[in-house]
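Quick notes on the structure that follows.
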Number of protein chains: 2
Amino acid sequence: MARTQALLIQIATGDPRPISKQIVDGVRMKIATGELAVGAQLPSVRGLAQQLTINPNTVAKAYAELTGEGWLEARQGLGLYVATPRQRLSNAERDRRLDDAVQSFVHEVAALDYPPDRALTRLERALRVLAPKKTA
Amino acid sequence: MARTQALLIQIATGDPRPISKQIVDGVRMKIATGELAVGAQLPSVRGLAQQLTINPNTVAKAYAELTGEGWLEARQGLGLYVATPRQRLSNAERDRRLDDAVQSFVHEVAALDYPPDRALTRLERALRVLAPKKTA
DNA sequence: CCTTGTGTACTATGAGTATTAGTACAGTAC
DNA sequence: GTACTGTACTAATACTCATAGTACACAAGG
């Protein structure tokens with residue numbers, strides 16, 4: 001009966017990412033993997049802030065970003081819900097941003113002098129969590 | 001006879017990365033791909049700064065990082081040279097940092113709602129530039 | 001109507017980082 | 001000496017991130 005489905009994100013103080021980005025990434029991953037179903041309600045801004053002992057503004061900022069990207073939908077006075085999927089970006093923009101991510105990853109592999117084939121294998125394994133859409 | 005081999009890096013003002021990191025990434029990639037051979041001399045701190053119209057301190061910071069990571073070697077009063085390869089990090093640390101990079105990439109693929117198999121293909125292609133060590 | 005809980009929108013402040021600017025010093029080569 | 005190298009400081013500016021506090025509009029339940 002828990003409206004907001006028990007709990008959600010974990011924030012790591014050692015994580016170099018900003019807190020708001022950790023929330024954005026965390027929620028987005030839970031949606032992408034199906035852990036958060038379409039229509040599910042999210043913890044309230046103030047509730048999640050209290051739970052993580054961070055500032056409500058930080059949560060609001062993360063939620064605003066997710067809403068802007070189309071992952072969440074706000075119902076005024078009620079709360080935030082996982083939105084129905086839709087095309088969010090142009091194909092050109094998606095390709096450009098993926099290319100940035102690819103470059104960034106290659107840079108890191110080069111920096112670590114890591115064997116490229118092993119890096120690819122590990123990445124392939126990690127990407128599998130994004131697949132289960134087709135199992136439904 | 002150009003001691004510092006014509007030229008090097010390009011800085012993009014639109015790039016979200018700090019300038020110093022752009023230099024670090026750029027030089028490291030040129031070493032990893034073999035474009036900069038072991039023993040090659042790099043542009044001087046002041047020279048590269050003038051060429052890129054940035055502050056010498058920024059170049060020095062980037063060079064210091066590359067030296068600390070073992071990519072470059074400084075000879076006082078002479079200049080900076082590409083160092084002979086050596087093991088720089090512990091395997092545990094390398095694995096940990098690669099895992100961070102993998103996670104970051106997966107997050108971005110999820111954020112873009114990009115087909116994972118296509119993302120993997122593009123990455124595989126981009127990683128090939130790191131291979132040519134074995135062709136020598 | 002009133003109270004509570006929701007998202008949202010501001011301003012202000014402190015901490016940290018990136019960059020620029022300027023100066024200075026030690027080593028090398030001619 | 002002069003002119004290059006790398007390196008090491010301090011100071012000031014600009015920007016981001018997070019916190020703090022306040023306020024407003026909407027929804028639900030008395």
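Numbered from 1 within each chain, the chains take letters A, B, ... in sequence-line order. Keep in mind the model is a prediction, meaning the values are calculated, not measured.
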*Same apolar cluster (I L V M F W Y, side chains within < 4.5 Å links), V27(B)/L78(B)*: no
*Treat primed atoms plus P, OP1 and OP2 as sugar-phosphate and everything else as base, then score nucleotides 24-30 of chain C 5' to 3': B for base contact with protein heavy atoms under 4.0 Å, S for sugar-phosphate contact only, - for none.*
B--BSS-
*Between Y63(B) (OH) and dT5(D) (P), how many Å, whole number?*
11 Å
*Starting at CD1 of I54(B) and ending at P of dA21(C), how long is that distance when rounded to a whole Å?*
11 Å
_Whole-Å gap separating P (dT7(D)) and CG (L48(B))_ = 14 Å
_So if I take the C1' atoms of five pairs at each end of the helix from dC1(C)-dG30(D) to dC30(C)-dG1(D) and get each local axis, what angle do the two axes make, rounded to 10 degrees?_
10°
*Might you confirm whether atom CD of Q50(A) has over 12 heavy atoms from other residues, nucleotides or ligands at distances under 6.0 Å?*
no
*Listed nucleotide nearest any side-chain atom of A74(A), set dT8(C), dA18(C), dA20(D)*: dT8(C)
*Are there more than 12 heavy atoms of other residues, nucleotides or ligands under 6.0 Å from atom CD of Q87(A)?*
yes
_Would a single hydrophobic cluster contain both V129(B) and L123(B), if residues Ile, Leu, Val, Met, Phe, Trp and Tyr are joined by side-chain heavy-atom contacts under 4.5 Å?_
yes
_Upstream residue (5' side of DNA chain D) when T67(B) and T53(A) are each assigned their closest nucleotide_ = T67(B)
_Co-membership, hydrophobic cluster, residues Y81(A) and V59(A), 4.5 Å side-chain_ = no
_For atom CG of L72(B) and atom P of dT5(D), their distance in whole Å_ = 16 Å
*salt bridge (charged side-chain N to carboxylate O under 4.0 Å, His left out) contacts touching residues 56-80 of chain B (sequence neighbours left out)*: R28(B)-E69(B)
*Please say whether the positively charged group of R88(A), taken as NZ for Lys or CZ for Arg, lies over the ring of W71(A), i.e. under 6.0 angstrom from the six-membered ring centre and within 45 degrees of the axis.*
yes
*d(CG, N55(A); P, dG7(C)) in whole Å*: 14 Å
*May I have the distance from L42(B) (atom CG) to dT7(D) (atom P), rounded to whole angstrom?*
12 Å
*Looking at residues 12-29 of chain A, who's got a heavy atom less than 4.0 Å off DNA chain D?*
P18(A), I19(A), S20(A)
*What is the distance from CG of N57(A) to P of dT22(D), rounded to the nearest Å?*
13 Å
*Of all residues at least two apart in sequence or in a different chain, which pass the ring-ring contact (aromatic ring centres under 6.0 Å, His included) check with Y114(A)?*
none
*Would D113(B) and R94(A) pass as an ion pair if we require N to O under 4.0 Å?*
no
*Inspect the contact between D99(A) and R122(B) and indicate whether a charged nitrogen and a carboxylate oxygen are less than 4.0 angstrom apart.*
yes
_Check this one for me: any side-chain N or O of T58(A) less than 4.0 Å away from OP1 or OP2 of dA18(D)?_
no
*Enumerate the residue pairs fulfilling ring pair (Phe, Tyr, Trp, His ring centres under 6.0 Å) with a member in residues 29-69 of chain A, sequence neighbours excluded, ordered by first and then second residue.*
none
_Integer-rounded Å distance: dA27(D) P and Q41(A) CD_ = 15 Å
*Counting heavy atoms from C-beta on, name the nucleotide in dG7(C), dG6(D), dT19(D) closest to the side chain of V45(B).*
dG6(D)
*Does D100(B) reach the side chain of Q103(B), with side-chain heavy atoms less than 4.5 Å apart?*
no
